[in-house]
Amino acid sequence: MPELPEMENYKLLLQQKIGGQTITDISINREKSINVYTETFIRQVQNQKVVEIERKAKHLLFYLENGRVLVLHLMLGGLMFYGTEEEKPDRTIQIRLSFGSENLYFIGLRLGYLHLFTQEGVKEELADLGPEPLNVNFSLDHFLELVENKRGMLKNTLVDQEFLSGIGNCYSDEIAWHAHLLPDRTMDDLDKKEKVQLYESIRFILPRATQFGGYMDQPLFKGDSKTGDYPSQAYVYDREGESCRRCGNKISKGEISSRKTFYCRECQH
DNA sequence: AGGGCAACCCGGACGC
DNA sequence: TGCGTCCGGGTTGCCC
């Protein structure tokens with residue numbers, strides 16, 4: 001479940017690997033993963049330098065020399081691996097971008113995709129995304145304004161990409177736990193103090209998760225000890241029956257809007 | 001507006 | 001080992 005922290009981690013590591021590097025070869029093994037004909041994709045992407053990598057919400061944007069942009073969304077279960085043919089995991093590869101003898105492999109793209117756009121096209125494509133919760137401009141006042149007339153459930157609000165971008169199923173639970181709030185609380189029920197705490201928890205959980213490399217179960221490259229260290233640091237996510245790191249009570253598992261939801265019924269209210 | 005739900009997709013985990 | 005079955009889960013779109 002790649003969310004903001006996973007993608008941010010990927011961005012930081014990939015910048016060092018392929019930033020400024022030229023895409024020397026391409027193989028598309030699954031045409032559904034791209035939005036143009038394979039020939040078009042290859043014509044516009046091959047021999048292009050990756051001039052910059054940016055993360056927007058759960059997307060990774062690869063800016064090419066020619067002004068085109070590759071927009072990646074891993075959706076469920078998507079992941080990347082960077083390395084040589086011999087090092088790559090024994091998984092089905094949907095797309096391979098080569099950088100000389102090393103390659104960037106895209107794996108597990110079922111609903112995920114690597115779409116090609118012009119810069120204007122990207123703007124249009126991502127126009128409906130809400131603000132970046134880690135942006136320096138995203139102040140407490142901005143947040144309070146945003147939640148002013150919100151009425152839905154806390155969890156649903158956090159994962160709503162038009163409200164805030166980048167938070168998914170895992171980190172919405174982590175944030176709610178950190179804020180001492182139950183995920184099924186409704187937004188209009190929160191008092192000022194709880195809203196302030198919620199903001200602070202968002203700003204605490206996401207960078208912390210990024211620091212631990214998020215929730216991936218595969219390293220990005222051979223010797224990568226950073227990616228995927230978060231599970232051992234998680235507060236509630238996927239910890240049903242384990243003890244709460246705050247109060248020691250057993251973590252519960254429930255369901256909200258058909259998403260599995262983890263929480264502590266003792267110290268979240 | 002917000003909740004509920006189906007559809008999308010198919011590799012991989014699991015069961016026999 | 002091998003085959004069949006089913007799950008996962010972000011996003012979109014539709015209904016109520």
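Sequence lines set the chain letters: A, B, ... in the order given, protein chains first and strands last, and positions in each chain run from 1.
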Below the 4.0 Å mark, does C:dG10 have OP1 or OP2 next to a side-chain nitrogen or oxygen of A:His73?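 So the side-chain polar atoms of A:His73 never come under 4.0 Å of the phosphate oxygens OP1 or OP2 of C:dG10.
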Close residues, [range], relative to DNA chain B [heavy-atom separation under 4.0 Å]:
range                       : value
residues 140-158 of chain A : A:Lys150, A:Arg151, A:Gly152, A:Met153, A:Asn156
residues 28-36 of chain A   : A:Arg30, A:Lys32
residues 119-131 of chain A : none

Assuming nearest nucleotide by heavy-atom distance, tell me which of A:Met75 and A:Gly108 is located more 5' along DNA chain B. A:Met75
Please give, in whole Å, the distance from [N] [atom2] to [X] [atom1]?
X        : N      : atom1 : atom2 : value
A:Lys260 : C:dG10 : NZ    : C1'   : 14 Å
A:Leu111 : C:dT11 : CG    : P     : 11 Å
A:Asp173 : C:dG10 : CG    : P     : 10 Å

So is A:Lys150 actually on top of A:Phe163's ring, under 6.0 Å and inside 45° of the axis?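 Pair A:Lys150/A:Phe163 counts as cation-pi.
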Donor-acceptor pair between [X] and [Y] side chains, under 3.5 angstrom:
X        : Y        : value
A:Ser257 : A:Asn156 : yes
A:Lys155 : A:Ser172 : yes
A:Gln233 : A:Tyr215 : no

For residues [X] and [Y]: do they belong to one hydrophobic cluster (side chain heavy atoms under 4.5 Å, members Ile, Leu, Val, Met, Phe, Trp, Tyr)?
X        : Y        : result
A:Phe262 : A:Phe204 : yes
A:Leu74  : A:Ile18  : yes
A:Val45  : A:Tyr37  : no

[X] side chain to [Y] backbone, donor-acceptor under 3.5 Å:
X        : Y        : value
A:Gln48  : A:Asn66  : yes
A:Ser165 : A:Gly130 : yes
A:Asn29  : A:Ile93  : yes

If you link ILVMFWY side chains whenever their heavy atoms are less than 4.5 Å apart, which other residues fall into the same cluster as A:Val136? By chain and number, please.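 Besides A:Val136, the cluster holds no residue at all.
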First contact, last contact: which nucleotides of DNA chain B are these for chain A, 5' to 3', heavy-atom distance under 4.0 Å? B:dA1 to B:dG12
Approximate separation, where rounding is to 0.5 Å, of [X] [atom1] and [Y] [atom2]:
X        : Y        : atom1 : atom2 : value
A:Leu64  : A:Gln119 : CG    : CD    : 9.5 Å
A:Leu114 : A:Ile34  : CG    : CD1   : 8.5 Å
A:Phe221 : A:Leu14  : CZ    : CG    : 9.0 Å
A:Tyr82  : A:Leu104 : OH    : CG    : 8.0 Å

Near DNA chain C, under 4.0 Å by heavy atom, which residues of residues 159-172 of chain A?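 Result for residues 159-172 of chain A: A:Gln161, A:Asn169, sorted by number.
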